[in-house]
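Here's the structure, in structure tokens; my notes come after.
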Amino acid sequence: MYSFLRKLSGDEKLSEDLAQETFVLVLLKLPEEPEYIAQWLYRVARNLYIDWVRKNGKEIPAESFGERTPSDERDPLALILQKEESQTLRKHLKKLSLAERKMIECFYQKGLSGMETAALLGVSPGSVRVTLHRARAKLMKEIKKEE
């Protein structure tokens with residue numbers, strides 16, 4: 001739970017606090033027979049994080065989305081090539097369905113696991129696997145068409 005919250009917030013102390021609060025809520029409000037307890041736990045943690053962001057008027061850190069930060073120092077040519085590749089990828093991502101784009105964002109950009117992605121989006125882990133597989137296939141097909 002801590003690592004999930006750490007990926008979302010990028011803040012060690014906040015992640016510890018939210019993980020603790022998650023488990024307190026779980027103890028207080030655990031359904032009698034939760035069907036997907038892991039998904040439920042992740043959803044509680046995610047909702048606590050979103051509530052914290054709203055309450056504190058904070059923005060979600062760029063690192064949570066796998067974006068580069070100004071401290072990244074790299075070869076200028078490599079940065080230009082990366083930017084071109086990113087633009088191409090974004091163009092092709094727009095052709096995917098909203099559900100496919102959300103799953104790709106969670107799994108690849110945020111670095112969440114399949115279980116974490118499922119909990120965050122309220123779907124089964126199997127659905128995440130299938131949707132990601134189909135989305136990757138669509139992207140590869142579109143990219144190969146362009147070449």
Any side-chain heavy-atom pair from [X] and [Y] closer than 4.5 angstrom?
{"X": "Arg46", "Y": "Phe4", "value": "yes"}
{"X": "Trp52", "Y": "Leu14", "value": "yes"}
{"X": "Lys102", "Y": "Leu98", "value": "yes"}

Would you give the length of the straight line joining atom [atom1] of [X] to atom [atom2] of [Y], rounded to the nearest 0.5 angstrom?
{"X": "Lys7", "Y": "Ser113", "atom1": "NZ", "atom2": "OG", "answer": "6.0 Å"}
{"X": "Leu18", "Y": "Asn47", "atom1": "CG", "atom2": "CG", "answer": "11.5 Å"}
{"X": "Met103", "Y": "Leu112", "atom1": "CE", "atom2": "CG", "answer": "12.0 Å"}

Identify the two heavy atoms, one from [X] and one from [Y], that lie closest to each other, and give their separation to 0.1 Å.
{"X": "Ala135", "Y": "Ile104", "result": "CB-CD1, 3.7 Å"}
{"X": "Tyr49", "Y": "Ser9", "result": "CE1-CB, 3.5 Å"}
{"X": "Leu93", "Y": "Arg101", "result": "O-CD, 3.0 Å"}

Who are the side-chain hydrogen bond (donor to acceptor under 3.5 Å, both in side chains) partners of [X], not counting sequence neighbours?
{"X": "Lys95", "value": "Glu142"}
{"X": "Thr131", "value": "none"}
{"X": "Glu21", "value": "none"}
{"X": "Lys91", "value": "Glu146"}

ask   = For Thr117 and Leu132, what are the C-alpha separation, side-chain angles and deciding distance, and is it a side-chain contact (heavy atoms from CB on, under 4.5 Å)?
value = CA-CA 11 Å; Thr117 299; Leu132 284 174; 5.8 Å; no
ask   = Counting only heavy atoms not in Arg136, do more than 12 sit closer than 6.0 Å to its CZ atom?
value = yes
Output all residues satisfying side chain to side chain contact (heavy atoms under 4.5 Å, CB included) with [X], sequence neighbours left out; order by chain, then residue number.
{"X": "Arg129", "answer": "Pro125"}
{"X": "Lys13", "answer": "Asp11, Glu16, Asp17"}
{"X": "Ala119", "answer": "Gln39, Tyr42"}

task = With sequence neighbours excluded, tell me which residues meet salt bridge (Lys or Arg N to Asp or Glu O under 4.0 Å) with Lys138.
result = Glu100
task = Could you tell me whether a side-chain N or O of Arg6 sits under 3.5 Å from a main-chain N or O of Ser15, the two making a donor and an acceptor?
result = no
